[in-house]
Structures are given as structure tokens and as C-alpha cells.
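Beneath this line is the structure, given in C-alpha cells, with notes to follow.
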Amino acid sequence: MKQTYASLRQDLDEVVAKLQNQDVDIDTAIELHAEATKIIKQLEEYLKITELKVKKITDSHPKAK
Amino acid sequence: MIGSSPTLSVSEFVAVFNQSVDMMFPSVGIVGELSNYRISKGAWVYFDLKDDDSSVKFFGSVRSLPGPLEEGMLIEVQGRPYLHPRFGFSVQFSSMKPVGEGVIKQAKDLLAKKLKTEGLFDPARKRVLTYPPSRIALITSAESAAYSDFVKILNARWPYLSVDLFDVLVQGVDAPGQIIDAVIRANQQSNYDALIIIRGGGTADDLVTFDDERVVRSIAGSRIPTMIAIGHERDVSLSELAADNHASTPSNAAELLVPDRRSEMIQLKSINEASNHAVLISIELSRQSQVGYSQYINERINAVLNWTIESIETNRRLIDALDPRKIEAKGFVLIRDQNGKVLKSSKAVRSVGTFIVDFRGDPIKAKVQ
């Protein structure tokens, strides 16, 4: 199932926080950077121009007179 | 038959009376002062509405009550007049509401006190909405300005979520029932991140739906986190107090619910730069660490070499000092016997009598006297 924007954004924040930790070794830093880049690309894909989707739920309520 | 009036049995009269009243007043609205208010067995409500000259009896279900009521309140009741065969005339009420701003406020205060005691407004109950949400249930009137403002702002800021619209009345006697029904139906689905209820501004009478006890309880009981925005009013409604979040207007609700995509894109760019910077720092630190180590190694090697060289030099000087030829150059000579064996003591020299004094390859024969 496609991840939500909120979920991807949280993943990105966690990866970048780890990357900015000064104790991380070079190999891990390179892996984390690749992961961050991948997530950012997915998020940018989300932000492409589109129209809001509104679906009216069918009901039988009479409207006010 | 007396005169020209029809003569009916009691039951016939009751039936004819009810048919006639039904035709004239299938439903009637009556305003009056609340009196003799009581609840029986937790299910049935009895009261009178009166004015200066008259009084009418009412009865109905507790489920139709908008909230706690007090004697003397001015109330508008919708109901059906009915002559009960045994209990006499009364109006069976279907809905009621306080009338007049003062009375509405009084009813609201009563209900607020009751619900606060139950903990419905407790800050510890408030849930945080998923930010940004992917799918929301929107309960409002599709024909309202509140709806069009809300959707317009969502579309401009964050058109990436799905909106399921539950089109309801947001004022009037039928509004509470429709809103409650929409909340129930939305909660029957499992995939909403938020339940949003909005309406624009209005009079106290227009907004009384959102102080209705049944509406407030349905919002408080929603499994889906809620945000309510009742626009432009001075006081916060009880529904807003019971919700997880509330906004000052429907437009403000849209702004709180979702980020602005342009700001989000700028933030992502900034995070990308921070990520690049962090990995470059890591590489540089690693490189510096290696350079430092190399320097250390070189220094150690040089130190060892220097020590070794010095050690060799010391030994060389020592060996040099112990060179026999150097000793001879200082005037020391070797004493040997006739066979060339070195004599190491005067006793050894006396024992042989005749010996050779070796002056660096120029021997002289000598004799002990």
C-alpha cells in the first residue's frame, strides 16, 4: 500500500536526524544520505500539481426550505 | 340526538377529535414558559408550557431533549396534538429548543456545567490530528459559503487529500439528527484521518444546534479525531469544546488542517541541502581522521628510525672505542710469547723469560732481567 505523505515525512525526519548525528560512521552516513534522497524524491512526487478530490456521500436528507 | 349536533360515544368523539386536529395541525410549534418539568423512569419527559392566560401539557422521549432545562425557561416545542383516550389532551413533542438569547445562553451554561463535570472537555482527551491527513470526512451544508471557502483553501494549499462530503442541514430542528447520523456513518468507515464539521456565522438561534447535548456527545464519542469550526461567533460552542481541535472559522480550519504545498516544497529542498551537507561533513571528518592517523604513523615511524639510528651510532662509537688498534695508538702494546700467544700478566711474562713486544706489527724481542 502506498505510504501516506505524513508517514513518509516522518521517515525523512528520522533519517536526517540520524545523519546529522556526529557519531555516525562514513559508511552509515552514505547509506542514510541515499535513503533521505530516495524519500525526498517520493515526497516531491506527491506534491505534483493536482485537483482536490471531493466525493459527496449519497444521503436522503431533505434540505431546508 | 339533542338539537342538530351529532351525538357520539366517548371513543367516537376521541377518534373524530384526533382526526380533525391531525388535519389542521399535523405538527405545530408552540412557544411558552417551561413549567412542571419532570422526567419519569429516565425515559419520558412531562412538562407544561404556559403563558399569562393558558397552559398546555406536553410529553415525549428524553432522546428528544436538547439538553438540561430549568423551570421558567422560554422554550419552543414542535409536536403533534393528541387526545389520549384515557390520559386526556397533550402535545407529543418531537423537538424543542430554548428561545431568546438569554435563555439560549442559560441552557448552554447548564449543559456546559453538566458535561464539564463528566469530563467531556478535559484537555487530556484531546487527540492530535494526522498532519497532513490523507482522507477526511467533511460534515457541512454543500450549499453554504463555509463549504466553498473551506474547499477553495484546501485546493490551493493541499489538493492531495480525499474529501468525503456528508451534506447535512446545519441549523433548524432537523439539523441535530442529520449531523449525528453523519458522525455515526463516518465512524462506521475505517479510513478517515479526521472528521471535520464546519458552518459559517449566524445568530444564537442559528447556532443552537452545536450546543445540543446529543450533537456534543456524538462528537465527543467519535472514534475519528475531530475538528469543528463554527465561524464568526463570539462564544465557542459546546461542540467545539468537546472536539479534539477547533478553529475560529472554516477557512482557518483548512489552514490548520493541511500545510501549504509551496512552503512544504521549500522545506524539502532545505532538508535535501541539509542531508547533502551532513554527508559531506561526515566524509571530510573521515578524511581528516585518516590524514591525522597517517601523520601519527609517520611521526611514529620517524621516531623509531631516529631511535634506531641513534642506537646504532652509540654502538658504533662503543665498538670504535674498543678497537684494539685505537688502544695501541694510545701507547698500549701486546706482549706475546715466542709462539705468538698473548701474555696477559707479569707472572706469565716471568714464566717464559723471553717475550716479544708487539708494536703494531713491529715486534721487539725482550728478556726478563
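Keep in mind that the numbers below use all heavy atoms, side chains included, and drop hydrogens, waters and symmetry copies.
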Quick check: under 4.5 Å, non-hydrogen atoms only, which of residues 8-15 of chain A neighbour chain B?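 A:Arg9, A:Leu12, A:Asp13 fall under the 4.5 Å cut-off.
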So which residue, B:Met265, B:Glu264, B:Arg261, ends up with the most heavy-atom pairs under 4.5 Å with chain A?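 Answer, by heavy-atom pair count under 4.5 Å with chain A: B:Glu264.
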By number, which residues in residues 151-159 of chain B have some heavy atom less than 4.5 Å away from chain A?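 When heavy atoms of chain A are the reference, residues 151-159 of chain B contributes B:Val151, B:Leu154, B:Asn155, B:Trp158, B:Pro159 within the under-4.5 Å range.
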Taking the side chain as every heavy atom from C-beta outward, state whether [X] and [Y] have any pair of such atoms under 4.5 Å apart.
{"X": "B:Val279", "Y": "A:Ile30", "value": "yes"}
{"X": "B:Leu268", "Y": "A:Tyr46", "value": "no"}
{"X": "B:Asp167", "Y": "A:Lys56", "value": "yes"}

Is the number of heavy atoms from other residues, nucleotides or ligands within 6.0 Å of CZ (B:Arg262) greater than 12?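 12 or below, so no.
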So for A:Val54, is it side chain, backbone, both, or neither that comes closer than 4.5 Å to the heavy atoms of chain B?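 Both parts, backbone and side chain.
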Partner chain B: residue of A:Ile40, A:Thr4, A:Leu47, A:Val16 with the largest heavy-atom pair count (under 4.5 Å):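 Counting heavy-atom pairs under 4.5 Å, the top option is A:Leu47.
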For B:Lys97, which residues count as a salt bridge (Lys or Arg N to Asp or Glu O under 4.0 Å) partner, sequence neighbours excluded?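 Here the qualifying residues are B:Asp205.
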Nearest heavy atoms of A:Leu19 and B:Ala278, plus distance in Å: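 Smallest heavy-atom distance, with atoms named: CG-CB, 3.6 Å.
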Could I get the full list of side-chain contact (heavy atoms from CB on, under 4.5 Å) partners for B:Arg135, not counting sequence neighbours?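 Here the qualifying residues are A:Lys55, B:Ser162, B:Asp164, B:Asn191, B:Tyr192.
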With no hydrogens and no angle check, is any side-chain donor or acceptor of B:Tyr131 less than 3.5 Å from a backbone partner on A:Ala6?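 No, the answer is negative, given that no donor and acceptor are paired below the 3.5 Å cut-off.
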